[in-house]
**Student:** 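Can you keep this structure in mind? I'll have questions shortly.
Below, chain A is the first sequence line, B the second, and so on; all start at residue 1.
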Amino acid sequence: MVTIHSPKIALDEIWAALAEVPDPEMPFVNLVEMGIVRDVDWVDETLRVIITPTFAACPAYEVMGANIKDRLHQLSIENVEIHFRHSPSWTSEWITEAARAKLKAAGLAPPPHHSGNLVQVLLDPVACPHCDSTNTSLRNSFGTTPCRMIYTCNDCREPFEQFKPL
Amino acid sequence: MKQPKALAEYLIALADDELILGHRDSEWTGHAPILEEDIAFANIALDEIGHARLWYELAAGVTGTDKSRYPDQQVYFRPAVDWRCLQLVELPKGDWAFSMLRQYLFDAFESHRLEGVTASKHQPLADVAARIRNEEFYHLRHTRAWVPRLGQGTEESHRRMQAALDELWPYAQGLGAPLPGELELEEMVPHSHSLFMLWSSEVTQFLIEAGLDVPKSGGCVEVDRAVHSEYFPALIADLQEVAQLDAEAQW
């Protein structure tokens, strides 16, 4: 008996497809540039996608898994397994520069680089994503989703959210 | 891996504390004194529940049960008598001062425990603790701002915060008792007693600076986590009611 295996899709084509899967809450960025999709490999006929959830209580990452599978099914990859990897922990340091620019363009201040020192970085002023002023005030360390903080700009008077450094 | 049973007990106790605390915190949703606090405390509640989930999933890994179902089974279908949370987190939410102070006392202790657990030689345990620690940073920052604000605020806020401390302090002493399984785990985890020494001097200093009188220690309530407060059965009934209406329902 001859078993015919369909040719496996190349990994770079798969990564390109994954980079088209938007974050469910922030559809202007994708799951690859947010540092959520960590690795992809073939295990026999199954494609394994490793994702690291961001904030522990983020309710969106199961939706992310489903959206990843849908996108891969469009490439005719039927057997997909989503694996959650918790170590190393997700950090906002993994958000790419391109994604940071997209966050700002969408009115969400990107998180500062912190190199593990949250205490220090939270003392620094945050720039308004609308007018770039650093004359801003923190209103709430907690926002509309687990990953956001709420600010107001004292110059242009707009409220805005910042992606929380983690 | 040695001592899986002890490790599972330890993890479930950690998870139970987080879940019940998150549940009590969530009772403020829609009822907080100002909108920003409604948002903030709902987020803190959600974070605690997320942390509980991480500990339950680690316990599932240790016991070889299905990780995807285990947290729901533990939370929605386990009888009250089988839970291993501390009475401190079971207490009803009280007024705003009470909830802010309870959260501070608990999180200040958890901060020390997480520091210790991130150094554990058991890597999966250390990894989860590292995950949680950075999120907890924001919680402690939040309640550390509220406690002095209320302690030194108006006559009324001071009175309420002092009353909260008088009620919470005996329950908080229970933090120093070893968790289930902790003694068998030996050097794999930090010892609650040592953590308690660190916590005790730190929070005592902090509370005095917040304008409060710290009660004399010695009046500790029940530390056996198998013994629950009078409030716990109603809490569990409330928590589990909807899921148990139809155990097979798909959500």
**Student:** Answer whether the closest heavy-atom distance between the side chains of B/Leu58 and A/His86 falls below 4.5 Å.
**Tutor:** no

**Student:** Would you call B/Arg53 and A/Glu62 a salt bridge, using N to O less than 4.0 angstrom?
**Tutor:** yes

**Student:** Examine whether an atom of A/Thr52 lies under 4.5 Å from a heavy atom of chain B, and if so say whether it belongs to the side chain, the backbone or both; otherwise answer neither.
**Tutor:** neither

**Student:** Would one find more than 12 heavy atoms of other residues, nucleotides or ligands at under 6.0 Å from atom CZ of A/Arg38?
**Tutor:** yes

**Student:** Is there side-chain contact between A/Phe55 and B/Asn43, with at least one heavy-atom pair below 4.5 Å?
**Tutor:** no

**Student:** Does NZ in B/Lys93 sit with more than 12 non-hydrogen atoms of other residues, nucleotides or ligands closer than 6.0 Å?
**Tutor:**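 Yes.
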
**Student:** Roughly how far, to the nearest 0.5 Å, is the OG atom of A/Ser141 from the CD1 atom of B/Ile39?
**Tutor:**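 Atom-to-atom, B/Ile39:CD1 and A/Ser141:OG are 12.0 Å apart.
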
**Student:** What heavy-atom pair brings A/Ala57 and B/Leu46 nearest, and what distance separates the two atoms?
**Tutor:** CB-O, 3.0 Å

**Student:** In terms of heavy-atom proximity below 4.5 Å to chain B, should A/Pro165 be classed as side chain, backbone, both, or neither?
**Tutor:**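 Both parts, backbone and side chain.
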
**Student:** Considering non-hydrogen atoms only, spot the tightest contact between A/Asn140 and B/Glu36 and give its length.
**Tutor:** ND2-O, 2.7 Å

**Student:** Of all the heavy-atom pairs spanning B/Asn134 and A/Leu118, show the shortest one and how long it is.
**Tutor:**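 Shortest heavy-atom contact: O-CD1, 4.1 Å.
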
**Student:** In terms of heavy-atom proximity below 4.5 Å to chain B, should A/Thr91 be classed as side chain, backbone, both, or neither?
**Tutor:**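 Answer is neither: A/Thr91 stays 4.5 Å or more from chain B.
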
**Student:** For A/Ala56 versus B/Arg131, what's the shortest heavy-atom pair and its separation?
**Tutor:** N-NH2, 3.4 Å

**Student:** With a 4.5 angstrom heavy-atom cut-off, which part of B/Leu54 approaches chain A: side chain, backbone, both or neither?
**Tutor:** side chain

**Student:** What orientation do A/Phe142 and B/Tyr138 show, parallel under 30°, tilted 30 to 60°, or perpendicular over 60°?
**Tutor:** perpendicular

**Student:** Determine whether more than 12 heavy atoms belonging to other residues, nucleotides or ligands lie under 6.0 Å from atom CG of A/Asn117.
**Tutor:** yes

**Student:** Would you mind checking which part of B/Glu48 comes under 4.5 Å of any heavy atom in chain A, side chain (CB onward), backbone (N, CA, C, O), both or neither?
**Tutor:** neither

**Student:** Does a sphere of radius 6.0 Å around CZ in B/Phe137 hold more than 12 heavy atoms from other residues, nucleotides or ligands, not counting ones at 6.0 Å or beyond?
**Tutor:** yes

**Student:** Is a side-chain donor or acceptor of B/Asp127 paired with a backbone partner of A/Ser87 at a separation under 3.5 angstrom?
**Tutor:**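 No, the answer is negative, given that no donor and acceptor are paired below the 3.5 Å cut-off.
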
